[in-house]
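Because the structure is a prediction, the values reported are computed rather than measured.
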Amino acid sequence: MIPNPTRAVLRLLALLVLAGGSFSLAPAGVAVLGLLLLGWAGIRNPRLPALWWRRVMMLKWFFLAIFVLYLFGGLQVDGRPDWEQAAYRVGVLVLLVGIVAVSLDGLPAQELAQGLGKLLSPLSRLGFAVDSFSRRLALTLDAVAHMQSQVRALDRSGGLAAVASVFEAAEDYQASTPSAAPVAVPVAADRAYLVTALAAIVALQWL
């Protein structure tokens, strides 16, 4: 176990537990885990269910392609489309979107990168530059977040000139240094989230 885990470390561990465990669940287990996660999200942050839905809608064409692929790519013995398998695969992917949204909610880019660096710190003994990786990741995530805000604020009536201004802003943007990010101490809810994730995955294996 990592000593003195930060909030980001606990959230990332919960994400790994939920995401990894969801692939071994039966369809009933995926449905129950989705309901549990939705309930937790609504209690923790009332805006999370809506955020989950928006991200699913952003990927709707991807989900549709996966559904069609499993529907007609894997046929049952009698030659009929496998509706259950197609729905199950899409359901798991929708659940993964929610797991990421709930697990990383409220984590700044720099804090997330630091947490990932702490999780990967044992690899530094094998010669991997974990500190350098976490710093570069923090800068990248910070820049991506900045660009997302620029795109949302884009004046769509400005045409190509508005798009060009976004690209110019991206070239001139200087990401803030990750060393200034404070280390967040995990609260009881973060610890409860990890424990609940472990318990849910173990219990749902029998469904």
message: Show me the pairs that pass salt bridge (Lys or Arg N to Asp or Glu O under 4.0 Å) and involve residues 37-46, at least two apart or across chains.
response: R44-D190
- request: Considering only Ile, Leu, Val, Met, Phe, Trp and Tyr, and joining two whenever side-chain heavy atoms are under 4.5 Å apart, list the other residues clustered with V202.
  value: W206
task: State, with a plain yes or no, whether a side-chain heavy atom of L12 is found less than 4.5 Å away from one of L112.
output: yes
Hydrophobic cluster membership, L93 vs L71, 4.5 Å side-chain cutoff: yes
- prompt: Step by step, would you call R7 with R11 a side-chain contact (heavy atoms from CB on, under 4.5 Å)?
  reply: CA-CA 6 Å; R7 177 178 65 169; R11 298 275 198 90; 4.1 Å; yes
task: Might you point out which heavy atoms bring P49 and N45 nearest each other, and give the distance in Å?
output: CD-O, 3.7 Å
- request: Find out if a path of hydrophobic residues (ILVMFWY) with successive side-chain heavy-atom gaps under 4.5 Å connects L59 to W61.
  value: yes
message: Let me confirm one number: the CG-OG distance from L33 to S22, rounded to the nearest 0.5 Å.
response: 7.0 Å
query: F67 and L95: same hydrophobic cluster, using ILVMFWY side-chain contacts below 4.5 Å?
result: yes
Verify same cluster id: I66, F23 (apolar side-chain graph, 4.5 Å): yes
message: Using a 3.5 Å distance criterion without hydrogens, assess whether the side chain of S24 forms a donor-acceptor pair with backbone atoms of G21.
response: yes
query: salt bridge (Lys or Arg N to Asp or Glu O under 4.0 Å): which pairs involve residues 95-109, sequence neighbours left out?
result: R47-D105
Hydrophobic cluster membership, L18 vs I43, 4.5 Å side-chain cutoff: no
- line: On a heavy-atom basis, the closest approach of G115 and A8 is CA-CB, 3.9 Å
message: For M57, I'd like to know if atom CE has over 12 heavy atoms of other residues, nucleotides or ligands within 6.0 Å.
response: yes
task: Can you tell me which residue pairs pass the salt bridge (Lys or Arg N to Asp or Glu O under 4.0 Å) test with a partner in residues 196-206, sequence neighbours excluded?
output: none
- prompt: Knowing that exactly one of L37, L15, L38 qualifies, which makes a side-chain contact (heavy atoms from CB on, under 4.5 Å) with V102?
  reply: L37
- prompt: Taking atom CD of E111 and atom CG of L104, what is their separation to the nearest 0.5 Å?
  reply: 10.5 Å
- request: Give the C-alpha distance, both sets of side-chain angles, the deciding distance and a yes or no for side-chain contact (heavy atoms from CB on, under 4.5 Å) between L119 and L13.
  value: CA-CA 9 Å; L119 275 179; L13 286 174; 3.7 Å; yes
field: S103 side chain to V100 backbone, donor-acceptor under 3.5 Å
entry: no
message: My understanding is that only residues two or more places apart in sequence, or in another chain, count here; which of them pass side-chain contact (heavy atoms from CB on, under 4.5 Å) with R55?
response: L51, V97, A101
Side chain W52, main chain V94, donor-acceptor under 3.5 Å: yes
task: To the nearest 0.5 angstrom, please state how far the OH atom of Y70 sits from the CZ atom of R89.
output: 4.5 Å
Non-neighbouring partners of V195 that pass side-chain contact (heavy atoms from CB on, under 4.5 Å), sequence neighbours left out: none
